[in-house]
Amino acid sequence: MERTLVLIKPDAMQRGLAGEIILRWERRGLKIVAMKMIHMSQALAEEHYSVHRGKTFFPGLIGYITSYPIIAAVLEGHRAVEAVRQTMGATDPLNAVPGSIRGDLSLDIGRNLVHGSDSAETAAREISLFFSPQEIFSAPRDIDPWVFEEQKG
Ligand code: IDP
Ligand code: MG
């Protein structure tokens, strides 16, 4: 099964939207295999968003993501990267379709509530930044055959 890193960003925590956001991923069938609340350091923020270093929005992005505690989680499922990003909606909330987290709950690209890894390779890198192997749980879940027809490794 594929794994992906999600972050419930400071604006979502301040606005009391963590439960609503987790509900949308969980209810769709994605499995939570790791979760923690952390206040990201400057160093972790700069490493996590290193692909954006040098862009005009980078300082604001680092200030935003380190401004308040967040929830980090690892979600698992077939094509979890794609499923999570579809449920999140486009980066700019005004381009995010209604029904998506960003499309329903946010308005500004600099306050877009959530992060989800953009590829399986990125996910592996990002998961290792936030979680040790011992913090990730791989016990099978009884409902998995009712979510996915095939239980692929
Ligand atoms: P993503 O979160 O949908 O993967 P990225 O392009 O990877 O989007 O950008 C990372 C984050 O940087 C965005 O979620 C958003 O918080 C912030 N960001 C991206 N572009 C802008 C911008 O033009 N202005 C302000 N913030 C931005
Ligand atoms: Mg991204």
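First listed ligand is number 1; within each ligand, the first listed atom is number 1. For reference, positions follow the sequence shown, starting with 1. Computed from a predicted structure; not experimentally measured.
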Same apolar cluster: L75 and M13, side chain cutoff 4.5 Å:
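Yes, L75 connects to M13 through the hydrophobic network.
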Spell out, yes or no, whether L129 and V114 are grouped together once hydrophobic residues are joined by side-chain heavy atoms under 4.5 Å, including indirect joins.
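No, L129 and V114 fall in different hydrophobic clusters.
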What is the closest protein heavy atom to [atom], and at what distance does it sit?
atom	value
atom 7 (O) of ligand 1	H52 NE2, 2.8 Å
atom 3 (O) of ligand 1	T91 OG1, 2.5 Å
atom 13 (C) of ligand 1	N112 ND2, 3.5 Å
atom 15 (C) of ligand 1	I109 O, 3.3 Å
atom 4 (O) of ligand 1	R85 NH1, 3.0 Å

Test item, [X] contacting ligand 1 (heavy atom, 4.0 angstrom):
X	value
R102	yes
R111	no
D118	no

Which heavy atom in M88 sits nearest to a heavy atom in H115, and how many Å separate them?
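For M88 versus H115, the nearest heavy atoms are SD-C, 3.8 Å.
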Which pair of heavy atoms, one from M35 and one from A73, lies closest together, and at what distance?
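Result for this residue pair: CE-CB, 3.8 Å.
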Are more than 12 heavy atoms, taken from residues, nucleotides or ligands other than L23, located less than 6.0 Å from that residue's CG atom?
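Buried by this count: over 12 neighbours within 6.0 Å.
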Using a 4.0 Å heavy-atom threshold (strictly under), name the region of K55 that reaches ligand 1: side chain, backbone, both or neither.
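Neither; no heavy atom under 4.0 Å.
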Could you see which bit of L61 sits under 4.0 Å from ligand 1, with heavy atoms only: side chain, backbone, both or neither?
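The answer is the side chain.
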Among V81, T122, I127, which residue satisfies the side-chain contact (heavy atoms from CB on, under 4.5 Å) criterion with T4?
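The single option meeting the side-chain contact (heavy atoms from CB on, under 4.5 Å) with T4 is V81.
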Establish, yes or no, whether the cationic atom of K36 lies under 6.0 Å from the six-membered ring centre of F130 and within 45° of the ring axis.
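Negative - K36 is either too far from the ring of F130 or too far off its axis.
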If I apply the N/O under 3.5 Å rule, does K9 come out as touching ligand 1?
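So ligand 1 has an N or O lying under 3.5 Å from an N or O of K9.
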Would you confirm whether E2, through its side chain, and A80, through its main-chain N or O, come within 3.5 Å as a donor-acceptor pair?
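Yes, E2 side chain to A80 backbone: donor-acceptor pair under 3.5 Å.
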Quick test of your reading of the structure: of F57, Y64, Y49, whose heavy atom lies closest to atom 22 (C) of ligand 1?
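Closest candidate by heavy-atom distance is F57.
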